[in-house]
Structures are given as C-alpha cells and as structure tokens.
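Below is one structure, written out as structure tokens; comments come after it.
If you read the sequence from its start, that first residue is 1, and numbering goes on from there. Just so you know, ligand 1 is whichever comes first in the structure, and atom 1 is the first atom listed for that ligand. Keep in mind that this is a model prediction, so the values were computed, not measured.
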Amino acid sequence: MAPVNGCKLEDKFDYDLIVIGGGSGGLASSKEAVKYGKRVALIDFVRPTPKGTTWGIGGTCVNVGCIPKKLMHEAALQGEQANELHYYGWTLKNGDEQLVSHGEKANMKFHWDQLVERVQNNIKSSNFKYRVELREKKVNYINAFARFIDRHTVELEDKKGAKRTITGETFIIATGERPRYPSECEGALEHSITSDDLFSLPYNPGKTLVVGASYVALECAGFLNGLGNDVTVMVRSILLRGFDEEMAEKVGLYMSKKGVKFLRPCVPTKIEKLQDGQPGLYRVTASDGIKHNIVGEYNTVLFAIGRDPCTSGIGLEKVGVHVNPKTGKIPTEHERTNVENIYAIGDILEFRAELTPVAIDSGIMLVKRLYANSKETFDYVNIPTTVFTPNEYGCVGLSEEAAIKKYGEDDLEVFHTYFKPFEKGVTEREVDECFAKLICVISENMRVVGFHYLGPNAGEVTQFVALALKFKATKEDFNKVIGIHPTSAELFTNMSITKRSGLSPYPQGCCG
Ligand code: FAD
Ligand code: NAP
C-alpha cells in the first residue's frame, strides 16, 4: 500500500483485523488472517459463572463443551464396557480373589476427582497449546473484555479493571454463548449449576436433577448416570427439539433403560437449600403444567435450558449492529452484519447451527473472502451432528417430520431397521437399542435426504455420510457401496425394509 503523508494507510488503525472472542471461531479466523500478512489481535475474556468457575483461552468447546463432554462420555462408556467384560471371558481379580463373574456387576469404584483432574489437565494443555500457537503465528492475543466504542474502536478492560482502547479496520465478533438460567424458578441462580461448572466440579454431583431436554441436558444426564449417579431429567415438552422425533424418543428409551428417570412434562418453580455440603441437598418444587406440585430432593440441580448469545453489553447498539431483540442473535448475510466492517461468526449467528466445526469453517472461509479473493461461502445445509447420550445418535439431513413437510408423505420412502452391533453379539444387549433410518425422495430418483443412526460410534459412522448427501447420493448409490464387514455402518449399504411395507424392522439374521 502506498504511503500517505509519510505513514502507511494501513497504519491508520492499530490492526487490520480485530477478532473478539477466542473460541472455536475466533481462534480459527485470527490464525487464518495472519497467513495473508494481516496484523491481527484476538481478544478473549471469560466472565466467571455465578458459581465462580472460569477457564482459559479456547472458548466453550475445549473448556466447557465438546471436549470435556466427550471425555466424560467416554468415562461412562468405559464403565459400561467394564461391566460387560465377563461376556468376553474376562474376570477382574484382586490378588487371587475373583471379583467378577458372569451376571455380576464389575466391582469397581468410580473416582470423580480423578476424572476431573485428568479432564482439567487435558484442557490446560490445550489452553497452553493455543497460547503458544498464537504467539508463533504472530496473532496478538489480549486477555481482556472488549466493547465497541465506535465502528473502528474497542475498549479493552482487563481482569484488574484497567481500560485502554485499540483500533481496527475490520472486526469479527465471535463471542459465543453462555448457559441460561430460568427467570421463572425461584432460587435457581443461587442453588444450581450449569454445564459451565460441571466439568471442573470439585465433587461428584451425586443425585442430580437435569433440567432441559436437548443436547446439553441429555448428554450430561447420560454420562452422569453412566458414572453411577441417580439422575432425573426434567423435560418441559419433547426430547431433542428439531431432531427426528422417532429417533429422539429412542434416545430417551435407551436412557430410561440405563436408569435415567424422566419427569415430563414438567418445569421447576422453586429450589430451596436443605443442607450445605459438597454436594449439598436441595428441594425442588416443580409443576407438570396442569395442577400438581412435584417435589423432589437432589444433591445437584443442573440447568441445561439453552444458551444466550454474548451480544449484550458490548456496544453493538452504539455502532448500529442489528441484533434480534428477542434472541440476542445477530442476523448476517455470509457472516456480514449490517455494518460494513463488522462481521460475526459462530454461535451468536441467527438461524445457524451452534456447532464447533460450523464456527471454525465459516470463520476460515470468511477470512479467505476478506483477504484472499475467495468467493466461497459457507454452506449451512446438511450439517452432520451427533448427540452422545450415551448411546450415540448421529444424523445428517432432514428429520422425518421435516422431510414430510417439505416433500409430502407420499413422495418419501423411509427405510428402517433395528440392529445389534456384531461386536455385542455375546452380550445381553437387546436388538431394539440400536436403530437406523434412511429417508429418500421418490420423485428425485430416491435421493437420500435424511440419515439417522442410533448406536455405537455414531459420530464416526455419520461423518462421511455427510459427504454422500452433499453429492446428492441416491438409495442406489448407498446400495452400490461395498460394506465393511462386520460393522454396524455396513447396514446402510443394503437396507430393504420400508416403513410403507409394514414389515417388521427387526433383523432376520446375520450376514444377509
Ligand atoms: P465460543 O467457543 O463460545 O467462544 C467465545 C469466546 O468469546 C469465549 O471464550 C468467551 O468467553 C469470549 N467472549 C465473549 N464475550 C467477549 C467479549 N466481549 N470480549 C472478549 N471475549 C469475549 N459442538 C460440537 O460441534 N460438538 C459437540 O460435541 C459439542 N458439545 C458441546 C457440549 C456442551 C456442554 C456445550 C455447551 C456446547 C457444545 N458444542 C458442541 C457447541 C460448541 O461448543 C460451540 O458451537 C462452539 O464452541 C462455538 O464457538 P464460538 O467461537 O462461536 O464461541
Ligand atoms: P437448546 O438446544 O436450545 O435446548 C434447550 C432445552 O431446554 C430444550 O429442551 C428446551 O425445551 C428446554 N428449555 C428451555 N427453556 C426452558 C425452561 N425455562 N424450563 C425448562 N426447560 C426449558 O440448548 P442446549 O441443549 O443448551 O444446546 C445449545 C446448542 O449447543 C445446541 O443447539 C447445539 O448446537 C450445541 N451443542 C452441541 C452438542 C453436540 O454436538 N453433541 C452438544 C451440546 C450442545 P423445549 O423443547 O420445550 O423448548
């Protein structure tokens, strides 16, 4: 750029790009921007939860989301598998004493503190890695809370309250979301926790009430139950809103079978402390929406009733960025807000999936459009996802309800089957625990528009089916794929029972 009055035009601002929020989206986009020679600042600050929990750089996913969740999910699965060891000829021994034989539960003791310590060490090593990476890549990481002063200036407030301002030509807001507390439940803020506290909780939560029925609620309920706790889920309406309802109910059925209790429909109205302690004891009063007051006592109450975008108190109104006043979400077109030099990515976007890879990939693509002449835009359609509950539910494309709405029931062929994973053949697992479903559009040459899988390793199974849907694969394409035997995923290469046929979806035998 040509010098202007002895100073380069680019020096008009302290930075070419200021990214606010050091989570999945912010980290990825700031690192991408330095590749194109841009001077980049990444501002990140974690406000403590009402319980005082806080964490380092990396945002929700690595600190209080995907990663600690997956580790705790795995801890629950390991316990479950240990209880199945005897089916495979193993016994657990203590010296000469045989502790587990066929039909008995493994004589194991779970140590919450040990798991939390390992999970937290894993997180801290990621925090460290991110800091080093930012330094090496020359992204200026600033640990401070950012607020817009004008369209090119943000005020930074550090943890000691010291303030300063910096200027930037372009901004990306990637401030993510934080768990919501209910306004209508007395005592909720004082006497409950959220997922932001759970993964570093210094004590085993014990008998737990989980309020909510979506991803976070069911995943936390699933692993807490798997780790040996008495868990109740309080459901306001349906399970996993937005997902295929048949699959969601099967997720719930499996959880019930594993010991999770469900109260539905039900919402809490009051929480009172009965006893201090770690954990303490709380009385929860709840309403079934009709007339009854339901009362229960729990050691821990965990709210997982959704998350609010971190878009208030950061000066967006001052600079004129439109925010949906009801949801706090930012409407964007290709991640651009209504203000020319201000962009937004990740969980704070209106009508976009709140998932880590979405925040990362849309951020990287945005930066490539800004600085590398790219024209490519992020495709928010057919985003695969998996709920780890602990039976895993993976899906991509439309739910059956959404497909019916879009194409009409007559134009759909739905293939379905229960299955028992081959590797579980010697256990007493029942065949109706795992289920698979493919939704095809008849008038479009049986194009597959919905893929649903409830069973082990759903994330691994679902990942590359997303590729098939991207390339508009048909049922025949699925049939032509050679299965890998013996796996659960191979069943999608030869599904033949349709819902319309009325034939039983229970399998007839192994190996075709
Ligand atoms: P975040 O990662 O939330 O980062 C935002 C950052 O900005 C935070 O560090 C925040 O403190 C900071 N910040 C906010 N305001 C300011 C400010 N004014 N100044 C400075 N910094 C600020 N997704 C998946 O894909 N798979 C999963 O398995 C999965 N599991 C999850 C489990 C749980 C329990 C939760 C809660 C979420 C899970 N998610 C999962 C969702 C995933 O974590 C989010 O979609 C992802 O982290 C969003 O990234 P982001 O960059 O938009 O925001
Ligand atoms: P969510 O999807 O917004 O679900 C909120 C849940 O809480 C719903 O079940 C809702 O019930 C219930 N609820 C809302 N207000 C309530 C109230 N006042 N009282 C009782 N129940 C109430 O929120 P989330 O589970 O926190 O997930 C947030 C996002 O994080 C998800 O959209 C997802 O993208 C991401 N995430 C992903 C993963 C993963 O990839 N595995 C895991 C966790 C989170 P109704 O149905 O009645 O509204």
Side-chain angles (χ1 to χ4, degrees), residues 19-29 42-47 54-70 72-73 142-148 154-157 172-185 188 194-196 198-199 210-220 233-243 248 264-269 286 303-316 344-349 352-360 362-363 383-389 392-394 458-459:
V19 180
I20 306 176
S24 308
L27 277 170
S29 50
L42 175 67
I43 322 294
D44 189 60
F45 191 82
V46 179
R47 285 195 153 153
T54 187
W55 50 89
I57 182 132
T60 302
C61 173
V62 68
N63 292 289
V64 287
C66 329
I67 304 303
K69 179 276 302 292
K70 188 88 189 274
M72 292 207 170
H73 165 68
I142 304 171
N143 183 207
F145 188 85
R147 255 178 229 104
F148 280 96
V154 281
E155 178 189 75
L156 305 181
E157 181 176 351
I172 296 178
I173 314 169
T175 47
E177 298 186 303
R178 293 297 289 271
R180 182 180 307 146
Y181 277 89
S183 51
E184 67 280 7
C185 175
T194 68
S195 54
D196 276 2
L198 182 63
F199 304 106
V210 177
V211 185
S214 200
Y215 276 95
V216 176
L218 297 191
E219 290 186 339
C220 293
V233 180
M234 193 176 276
V235 182
R236 177 167 73 175
S237 57
I238 58 169
L239 301 182
L240 292 174
R241 181 174 298 286
F243 284 87
R264 61 189 285 200
C266 196
V267 286
T269 51
F303 275 95
I305 60 167
R307 299 167 56 78
D308 289 325
C310 301
T311 52
S312 67
I314 60 169
L316 294 183
I345 55 171
D347 281 5
I348 53 173
L349 295 200
R352 301 297 185 224
E354 296 163 15
L355 295 169
T356 283
V358 173
I360 293 175
S362 61
I383 290 167
T385 185
T386 290
V387 194
F388 302 89
T389 57
E392 299 177 4
Y393 166 36

Using the test side chain to side chain contact (heavy atoms under 4.5 Å, CB included), find all partners of Cys310 that sit at least two apart in sequence or belong to another chain.
->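 Result, side chain to side chain contact (heavy atoms under 4.5 Å, CB included) vs Cys310: Thr175, Arg178.
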State which residues pass salt bridge (charged side-chain N to carboxylate O under 4.0 Å, His left out) with Arg180; sequence neighbours excluded, sorted by chain then number.
->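 Expected list: Asp308.
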Heavy-atom proximity to atom 30 (N) of ligand 1, best of Lys69, Arg352, Met72 =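 Looking at heavy atoms only, Lys69 sits closest to atom 30 (N) of ligand 1.
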Quickly, which of Asp44, Val154, Leu42 forms a side-chain contact (heavy atoms from CB on, under 4.5 Å) with Ile20? Name it, please.
->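 Only one of Asp44, Val154, Leu42 forms a side-chain contact (heavy atoms from CB on, under 4.5 Å) with Ile20, namely Val154.
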Under a heavy-atom criterion of less than 4.0 Å, does Val64 contact ligand 1?
->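 Flag set, Val64 near ligand 1.
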Anything with a heavy atom under 4.0 Å from ligand 2 counts, so go ahead and list those protein residues by chain and number.
->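 Answer by chain and number: Lys69, Glu184, Val211, Gly212, Ala213, Ser214, Tyr215, Val216, Glu219, Arg236, Ser237, Arg241, Val267, Ala304, Ile305, Gly306, Arg307, Glu354, Leu355, Thr385, Thr386, Phe388.
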[X], portion touching ligand 1 at heavy-atom distance under 4.0 Å:
| X | value |
| --- | --- |
| Ala144 | backbone |
| Ile348 | neither |
| Ile314 | side chain |
| Arg307 | side chain |

Please determine if Phe199 has a nitrogen or oxygen closer than 3.5 Å to a nitrogen or oxygen of ligand 1.
->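 In fact, backbone or side chain, Phe199 has no N or O that close.
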Below 4.0 angstrom from a heavy atom of Leu355, which ligand 1 atoms are there? Numbered from 1 as shown, please.
->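 Counting from 1, the qualifying ligand atoms are 23 (N), 24 (C), 25 (O), 45 (O).
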Nearest protein heavy-atom contact for atom 19 (N) of ligand 1: which residue, which atom, what distance?
->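 For atom 19 (N) of ligand 1, the nearest protein heavy atom is Ala146 N, 3.0 Å.
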Report the residues that fulfil side-chain hydrogen bond (donor to acceptor under 3.5 Å, both in side chains) with Arg241, sequence neighbours left out, ordered by chain and then residue number.
->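 side-chain hydrogen bond (donor to acceptor under 3.5 Å, both in side chains) check on Arg241 returns Ser237.
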